[in-house]
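Since we're looking at a predicted model, the values are computed, not measured. Order of appearance sets the numbers: ligands from 1, and atoms from 1 within every ligand.
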Amino acid sequence: MTQRKAAGWKPRTNAVHAGARRSQYGEMAEAIYLTQGFAYPSAEAAEARFIKAGPDEFIYARYGNPTVAAFEDRIAALEGTEDAFATASGMAAVSGALSAMLKAGDHVVSARALFGSCLYVLEEVLTRFGVEVSFVDGTDLDAWRAAIRPGTKAVFLESVSNPTLEVIDLRAVAALAHDAGALVLVDNVFATPVFSHAVDLGADVVIYSATKHIDGQGRCLGGVVCGTREFIRGTLEPYMKHTGGAMSPFNAWVLLNGITTMDLRVRAQAAAAQRLAEALEGHAALSRVLFPGLASHPQHALAMEQAGGGGTVIAFDIRGGKEAAFRFLNTLEIVLISNNLGDARTIATHPATTTHQRLPEDQKVLLGISPGLIRLSVGLEDPDDLLSDLLAALAASNS
Ligand SMILES: *Cc1c(COP(=O)(O)O)cnc(C)c1O
């Protein structure tokens, strides 16, 4: 088996070639090594591999597999980290990264505006094991400064929050965290691997749900943690390999192919999102349009500096609350009602009754998850068709 090493390639070249392994057959598409285990040529070879596995020597698919390794190498090359570990889902990546490095008595500071399951892990799971978690308004640097203290072990944040698209000043938060000796873990789904500069801005660990833009076609779950070799192999791998959150080789193969086209897809989706946000802003049926690419967004300048654009997701508030929002959703013809994002199909979500249903009312108010709020993940359809669909549904929303 020969492996293609990324050698100073630019991101689009890495996305197509980095990490690819070719067998003696020289196959073009990456092979799917759909195998749980590996046979050793001798008892001595088995013993040696358990003492120390060399490069591209595998023991058991819960620890590593050639197709999964290709996926890990490709995403690490894109993100600019030394290594990466692939997981069964985005949540396996988030919970694994945090659990692997924390113990009872440790202190974590986290932004409050988080994906629901991330909030559950920090608020309900880690605290059960004696980890102290302080939540702050992620856009308030004074709040971060007040909460981070000497000895704080980790800082966790979504660089762009879900669903209200607040942008966090990653460089400033990372500087505060590093002064205190804390590691910075970033859930970077909304920034996407295409527009990410998380490592340059100071992130130590960058986490993706590969279910989102990396697949981008709504086919399979996956996650990945990117970081230094020390964190990935020294801290994370022992935890993951014994607790069982490994990515399936089949999913790794699907996701490798996803990465190959991700740059084109995500740039087209981001351009369409920008166009739609501009067209929707000021619409009479909407009380607000939240999109980091709009000059009216409170962190617009920061979004442009950190990510070079607004991303692929828009949020807007429909006048008339839940009933109007439901009329809007039920009138859509092209846009699908669902809860994924980053997909080639445009998806509308009503966070208050679905992804964030579990949150108590006061938390919803605090996070801006109002009854009329819609999250729109912009796909690859013709933006003119999408705009017509959205305008027709908005017209129906207050009828
Ligand atoms: C979807 C998502 C996750 C969880 O990913 P899964 O692959 O669904 O487990 C975590 N964080 C963010 C920001 C997400 O959008």
Check your understanding: Any side-chain donor-acceptor pair under 3.5 Å between Glu79 and Ser196?
Key -> yes
Exercise for review: Report yes if the distance between the aromatic ring centroids of Phe326 and His350 is under 6.0 Å, otherwise no.
Suggested key: yes
Exercise for review: Mark yes or no for whether Arg229, through its side chain, and Glu82, through its backbone, hold a donor-acceptor pair below 3.5 Å.
Suggested key: yes
Check your understanding: Under 6.0 Å from the CD atom of Glu333, do we count more than 12 heavy atoms belonging to anything else shown?
Key -> no
Point to revise | Donor-acceptor side-chain pairing of Asp137 and Thr139 below 3.5 angstrom | key: yes
Pick out the protein N or O atoms lying less than 3.5 Å from any N or O of ligand 1, and list each pair with its distance.
from: ligand 1; atom 1: 5 (O); to: Ser209; atom 2: OG; distance (Å): 3.0
from: ligand 1; atom 1: 7 (O); to: Gly90; atom 2: N; distance (Å): 2.8
from: ligand 1; atom 1: 7 (O); to: Ser209; atom 2: OG; distance (Å): 2.8
from: ligand 1; atom 1: 7 (O); to: Thr211; atom 2: OG1; distance (Å): 2.6
from: ligand 1; atom 1: 9 (O); to: Gly90; atom 2: N; distance (Å): 3.0
from: ligand 1; atom 1: 9 (O); to: Met91; atom 2: N; distance (Å): 2.8
from: ligand 1; atom 1: 11 (N); to: Asp187; atom 2: OD2; distance (Å): 2.6
from: ligand 1; atom 1: 15 (O); to: Lys212; atom 2: NZ; distance (Å): 2.7

Review point. Should the heavy atoms of other residues, nucleotides or ligands under 6.0 Å from CD of Glu57 be counted, would the total exceed 12?
Key: yes
